[in-house]
Amino acid sequence: VTRRSRYAFDPTPLELATLSTLLHWALGVQRTASGYGSAEHPLGMAPSAGGLPSLRVHLVVGRAGELEPGIYEYLASGHTLSVVALGIPPLQQALVQPQFADLAPTSIILSGQLTVVLAKYPPRHYRTIHVDAGVAIQNLYLVSTALNLASCAVAGYYDTALAELLELTPDIIPLMVFPVGHHPR
Ligand SMILES: Cc1cc2nc3c(=O)[nH]c(=O)nc-3n(C[C@H](O)[C@H](O)[C@H](O)COP(=O)(O)O)c2cc1C
């Protein structure tokens with residue numbers, strides 16, 4: 001009932017523990033099952049078609065806190081962050097509403113791995129990846145609300161600029177930006 005899209009954020013960076021909790025409960029591994037040639041294939045808190053790892057998750061950290069400003073990738077299988085690039089990221093250049101990059105200390109960005117889905121399913125399932133992203137965004141909205149964080153789904157971005165910022169390969173397409181931070185204090 002209290003879930004809303006928020007457009008005001010406190011400038012303080014998110015604590016690493018808060019970010020970890022958000023990522024785990026929204027996008028982390030829920031369980032493992034036998035499949036895809038593995039006895040322990042990871043399945044997510046957010047369901048995906050065929051239980052495939054169709055989404056990539058990046059963090060754009062704009063303000064120094066426990067994490068240095070930069071771009072990180074969230075690797076759900078180990079619940080770890082991997083550094084993509086350090087330094088203040090120019091996220092505003094990739095957004096139709098650049099103010100989100102200045103207001104929110106962190107943005108989570110979901111991208112779709114088309115090759116993972118199309119290796120198993122016929123071409124019409126290019127659409128399924130967008131549904132997977134929608135499910136994941138709702139998890140992010142609900143878990144961030146439960147953690148008393150401010151957040152907003154943002155579809156207004158420039159494809160090429162965002163893909164370049166995240167250093168995505170051509171088979172990976174950005175699908176959604178999710179600025180998140182504390183409510184204004
Ligand atoms: C898929 C999706 C994309 C959205 N993209 C944007 C956006 O680019 N810019 C923006 O200001 N709000 C965006 N929103 C927020 C919506 O405007 C908002 O969810 C809607 O007005 C309903 O408000 P509520 O989320 O507070 O219930 C998006 C929401 C969704 C679900």
Side-chain angles (χ1 to χ4, degrees), residues 1-14 18-19 21-28 30 44-50 52-63 71-74 76 88-114 116-118 121 124-168 171-185:
V1 170
T2 56
R3 186 212 56 77
R4 292 285 186 287
S5 297
R6 308 287 180 177
Y7 301 90
F9 303 85
D10 193 85
T12 52
L14 283 179
T18 305
L19 203 48
T21 304
L22 172 63
L23 289 167
H24 172 67
W25 289 105
L27 305 174
Q30 186 205 53
M45 294 287 181
S48 64
L52 289 169
S54 59
L55 300 179
R56 301 281 285 262
V57 180
H58 289 85
L59 289 188
V60 176
V61 177
R63 292 204 187 84
I71 297 171
Y72 302 79
E73 180 166 6
Y74 173 60
I88 294 180
L91 177 62
Q92 64 280 358
Q93 294 173 13
L95 298 181
V96 176
Q97 294 161 286
Q99 62 271 24
F100 276 119
D102 300 323
L103 295 172
T106 301
S107 288
I108 296 170
I109 301 180
L110 302 181
S111 303
Q113 298 200 92
L114 287 169
V116 168
V117 174
L118 299 182
Y121 295 121
R124 63 179 289 278
H125 282 280
Y126 79 90
R127 305 197 308 257
T128 309
I129 208 163
H130 301 87
V131 177
D132 287 350
V135 171
I137 281 289
Q138 179 71 335
N139 268 20
L140 283 167
Y141 260 128
L142 295 178
V143 176
S144 62
T145 302
L147 293 171
N148 195 28
L149 300 174
S151 58
C152 185
V154 173
Y157 54 81
Y158 303 111
D159 287 319
T160 307
L162 192 54
E164 280 176 10
L165 182 73
L166 301 179
E167 302 182 13
L168 301 180
D171 58 314
I172 301 178
I173 49 173
L175 295 177
M176 194 62 57
V177 179
F178 192 78
V180 58
H182 288 289
H183 291 281
R185 295 178 221 237

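Remember, it's 1-based here, ligands and their atoms both numbered in the order they're listed.
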With no hydrogens and no angle check, is any side-chain donor or acceptor of Tyr141 less than 3.5 Å from a backbone partner on Ala153?
yes
Mark yes or no for whether Arg6, through its side chain, and Arg3, through its backbone, hold a donor-acceptor pair below 3.5 Å.
no
Donor-acceptor pair, distance only, cut-off 3.5 Å: does the side chain of Tyr157 make one with the backbone of Leu175?
yes
Whether Arg63 side chain and Asp102 backbone form a donor-acceptor pair below 3.5 Å:
yes
Which protein residues have a heavy atom under 4.0 Å from ligand 1?
Arg3, Arg4, Ser5, Tyr7, Gln97, Phe100, Tyr141, Cys152, Ala153, Val154, Ala155, Gly156, Met176
Under a 3.5 Å distance rule, please check whether Tyr74 uses its side chain to pair with a backbone N or O of Leu27 as donor and acceptor.
no
Any donor-acceptor N/O pair, Asp10 side chain to Arg185 backbone, under 3.5 Å:
yes
